[in-house]
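Right, one structure below, let's go through it.
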Amino acid sequence: MKSSFSIDLLIQLLQKATLHAVPPMTLSISQAYPSNPYPILISCLLSLRAQDKVTLPVSLKLFSRAHTPEQMLLLSIEDIESIIRPVNYYKTKAALLHSVSADLLNRFAGKVPSSKDELMSIKGVGLKTTNLVLAEAFGIPAICVDVHVHRISNRLGIIATDTVEQTEQALQIVLPKKYWIEWNRLLVMLGQTMCTAQSPFCSKCPLVDVCDRFGVFKHR
DNA sequence: AAAACGGGGGC
DNA sequence: GCCCCAGTTTT
């Protein structure tokens, strides 16, 4: 990032840039199921290596049948498979939803835990899912590093990292804590629209004055 | 460190 | 039709 710009100004520009973008899936889910962390966790698992536009309608369809671990276990794995078929790895994910729901009942009284260690201890729940659940389901400041956050944080030049773990650590130092949750939302929205992995639409991006990679990268 | 785990969407 | 997308576990 060019030195004359602050993080606060960067956030303002990002808010403008993503004002009319489709919000991340977890926001839609939390509106449909207020203060219920379970649908957030399940939709995060469904969205692994998939895109929100595919996963969101499938998630809503699934939650109309089951939005608690108890209800999920009443469905057979075959039932879940048929509901979530449009998403990738649907057979693996149907089994995963079953095992995660059973684990929640066995170890956590059917409640989604709200600590990083407990979430990470659930098989199938990794670092990205853990941080997204902490932030979006519990409002706990967490930096959720998916490929968008990793790519764009580096592209902007505010950090220089190789792995998502390094990115999480670096952003904790660079970003004021009040922005930790919003950073993920903003960068996901920007990444899904203009700041794409290949040939990003830099000519339409309101961040050209800030971005270290403008002119370096092949863009449209 | 590298592989395996498959579906939809854009053009 | 072809190329793009995108975490976690396992080997």
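Order of the sequence lines fixes the chain letters, A, B, ..., with proteins taken first and strands second; residue numbering starts at 1 for each chain.
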Which of the following nucleotides, dC5(C), dG8(B), dT10(C), is nearest to the side chain of Lys123(A)? dT10(C)
What's the closest nucleotide to the Arg49(A) side chain, out of dG7(C), dC5(C), dG9(B)? dG7(C)
Under 4.0 Å between any heavy atoms, over every strand shown, what does Lys93(A) touch: base, sugar-phosphate, or nothing? Just pick one. nothing
From NZ of Lys91(A) across to P of dG6(B) the rounded distance in Å is 8 Å
If you measure from the C1' atom in dG6(B) to the same atom in dC4(C), how many Å do you get, rounded? 14 Å
Could you give the distance from CZ (Arg185(A)) to CG (Leu132(A)), rounded to the nearest 0.5 Å? 9.5 Å
Would you say the side chain of Cys144(A) lies within less than 4.5 Å of the side chain of Trp180(A), judging by non-hydrogen atoms? no
Leu127(A) vs Glu168(A) side-chain heavy atoms within contact, under 4.5 Å: yes
For a quick check of understanding: with a heavy-atom distance under 4.0 Å over all strands, which category does Val125(A) fall into, base, sugar-phosphate or nothing? sugar-phosphate
Is the shortest heavy-atom distance from the side chain of Met72(A) to the side chain of Pro69(A) under 4.5 Å? no
Is it true that, when you exclude Arg65(A) itself, more than 12 heavy atoms of the residues, nucleotides or ligands shown sit nearer than 6.0 Å to its CZ? no
Checking contacts here: which listed nucleotide (dT8(C), dC5(B), dG9(B)) is nearest the side-chain heavy atoms of Lys128(A)? dT8(C)
Val54(A) vs Asn88(A), nearer the 5' end of DNA chain B by closest nucleotide: Asn88(A)
Quote, to the nearest angstrom, the P distance that separates dC5(B) from dC5(C). 22 Å
Any base atoms under 4.0 Å from Tyr89(A), or only sugar-phosphate, or nothing? Heavy atoms, all strands. base
Which comes earlier along DNA chain C counting from the 5' end, the contact point of Ala50(A) or that of Ile122(A), where each point is its nearest nucleotide? Ala50(A)
Rounded C1' spacing from dT8(C) to dG9(B) in Å: 24 Å
Classify the nucleic acid contact of Leu127(A) as base, sugar-phosphate or nothing, counting any heavy atom under 4.0 Å across all strands shown. sugar-phosphate
Is Thr129(A) near enough to dT8(C) that one of its side-chain N or O atoms lies under 4.0 angstrom from OP1 or OP2? yes
For dC5(C) and Gln192(A) - does any side-chain N or O of the residue sit under 4.0 Å from the phosphate oxygens OP1/OP2? no
How would you label the contact of Ser47(A) with the nucleic acid (heavy atoms, under 4.0 Å): base, sugar-phosphate, or nothing? nothing
Could you measure between the two C1' atoms, the one in dG10(B) and the one in dG7(C), and give it in whole Å? 23 Å
Identified pairing partner of dG6(B), criterion: Watson-Crick or G-U wobble below 3.5 Å: none
When the C1' atoms of dG8(B) and dT9(C) are compared, how many Å lie between them, rounded to an integer? 24 Å
